[in-house]
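Working notes for the structure below.
Reckoned from all heavy atoms, side chains included, excluding hydrogens, waters and symmetry mates.
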Amino acid sequence: MTISHTRNSSGSWFAIIVLALLVLVLAVYGGVKLVTGEDPSSPDSAPETKRVVLKDATRTQEVLPGLGSLPTGWSVKDGSPREMSCPAEGTGCEGTLVSASAEYITDGSPDIVVIELRSYGTVEAASVGYQAMAQQQKNRGENGLDPLSLPGVGGDESMAVSWAIHPNPTEPDMTEATGATSVLRVGTLTATVLLRDEGAGGTSLDVLQALTAAMAARAGEAITGQRPTAAVQL
């Protein structure tokens, strides 16, 4: 009896297909590295978050909180927000593209709330501007300056101070005035938040914390191309 055996070639074909797929994957991988110089499997090669520079006055003013983003009982003063002149020789003005400010009416305290926003052409220019404005606030020490800590407000750089003038030499009818100011930077944007109370009792630092945090969040939304919607949480 003769036994005839024919070799099954299906295993060989499977190996050839696997080898071809491997060659294709390596070719694509090498092409990506050749064109971009990056390793596509590396987490560092992920696309960066979009960043925009605000050059338009209207878009810059939108970063300042509007009526729908304010605490109950607050309102935006007539004429706000508005474009603000920032001369090159002014503190922190060098390198600015557009500036804006807004004043708010509260439900009682503080008496004055003003927020100023500046947009710069580069992060480096914004950081220089921030440092100049922060130093300006620190130089108020002769009027009873106290450094403040505002934890968790966000942003890239921030500082805050409280101050008191008894009496205010530039306003002789005011026997007492207290206030607080914060300065922060988020990317190419800087913001200064000013609070003042025209009388005894001091300034609520909870308000300064809430306004500064809201501005940091709104600036962060703006420089990533989003419409600012973060609200002031009191």
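- Taking CG of L194 as the reference point, atom CD of E103 lies at 9.0 Å (rounded to 0.5 Å).
- A continuous path of hydrophobic side-chain contacts links L54 to L184 [ILVMFWY only; heavy atoms under 4.5 Å].
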Would V193 and T181 satisfy side chain to side chain contact (heavy atoms under 4.5 Å, CB included), going step by step from the backbone distance to the final call? CA-CA 5 Å; V193 180; T181 305; over 6 Å; no
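- Distance check, rounded to the nearest 0.5 Å: OG1 of T192 to CD of Q136 gives 8.0 Å.
- Closest of all the heavy-atom pairs between T190 and A126 is CG2-O, 3.6 Å.
- Closest approach of A160 to L150, counting heavy atoms only: CB-CD1, 3.5 Å.
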For Q137 and V183, what are the C-alpha separation, side-chain angles and deciding distance, and is it a side chain to side chain contact (heavy atoms under 4.5 Å, CB included)? CA-CA 9 Å; Q137 295 303 320; V183 183; 3.9 Å; yes
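- Residue M215 comes nearest to A191 through the heavy atom pair CE-CB, 4.0 Å, listed as atom of the first residue, atom of the second, then distance.
- Using a 4.5 Å heavy-atom cutoff, the side chains of R196 and T178 are not in contact.
- Inspection of the E83 and S99 side chains reveals no N or O donor paired with an N or O acceptor under 3.5 Å.
- Put simply, V153 and L70 are part of the same group of oily side chains (I, L, V, M, F, W, Y) that touch within less than 4.5 Å, one to the next.
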Can you give the donor-acceptor pairs under 3.5 Å from side chains of residues 226-234 to other protein atoms, not counting sequence neighbours?
residue: Q226; atom: NE2; partner: T224; partner atom: OG1; Å: 2.9
residue: T229; atom: OG1; partner: E221; partner atom: OE2; Å: 3.4

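- One hydrophobic cluster, built from ILVMFWY side chains closer than 4.5 Å, holds both I115 and V186.
- Closest approach of M133 to Y120, counting heavy atoms only: CE-OH, 3.8 Å.
- Counting only heavy atoms from C-beta outward, the side chains of S101 and L117 never approach each other to under 4.5 Å.
- Placement of V113 and V76 within a single hydrophobic cluster is found when ILVMFWY residues are connected by side-chain heavy-atom separations under 4.5 Å, directly or transitively.
- Once rounded to the nearest 0.5 Å, the distance linking OG1 of T91 with CD of Q135 reads 10.5 Å.
- To the nearest 0.5 angstrom, L195 atom CG is 10.5 Å from S162 atom OG.
- Under the 3.5 Å distance criterion, the side-chain polar atoms of Y104 are matched with a main-chain donor or acceptor of P65.
- In this structure the side chain of M159 reaches within 4.5 angstrom of the side chain of Y130, judged on heavy atoms.
- Hydrophobic cluster membership of V53, counting Ile, Leu, Val, Met, Phe, Trp and Tyr whose side-chain heavy atoms lie under 4.5 Å apart directly or via other members: L97.
- T106 and D111 share no side-chain donor-acceptor pair at under 3.5 Å.
- Side chain of T212 to backbone of L208: a donor-acceptor contact under 3.5 angstrom is found.
- Using a 4.5 Å heavy-atom cutoff, the side chains of E157 and S127 are in contact.
- Taking 4.5 Å as the limit, some side-chain heavy atom of L189 sits within range of a side-chain heavy atom of I223.
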Working note: R185 + S158, criterion side chain to side chain contact (heavy atoms under 4.5 Å, CB included); need CA distance, chi angles, decisive distance, verdict. CA-CA 6 Å; R185 180 183 69 82; S158 64; over 6 Å; no
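- Within the 4.5 Å cutoff, side-chain heavy atoms of R118 are placed close to those of C93.
- Among pairs with a residue in residues 56-75, those fulfilling side chain to side chain donor-acceptor pair (under 3.5 Å) read S69-R218, at least two apart in sequence or across chains.
- Between V63 and A222, the shortest heavy-atom distance links the atoms CG2-CB, 3.7 Å.
- Residues T122 and T188 are not in side-chain contact: their nearest non-hydrogen atoms beyond the backbone lie 4.5 Å or more apart.
- When side chains are defined from C-beta on, L205 counts as touching L148, because their heavy atoms get closer than 4.5 Å.
- Other residues, nucleotides and ligands place more than 12 heavy atoms under 6.0 Å from the CG atom of D107.
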Before you tell me yes or no, could you show the steps for D146 and W163 under side chain to side chain contact (heavy atoms under 4.5 Å, CB included), namely the whole-Å CA-CA distance, both residues' side-chain angles and the distance that decides it to 0.1 Å? CA-CA 6 Å; D146 290 314; W163 45 271; over 6 Å; no
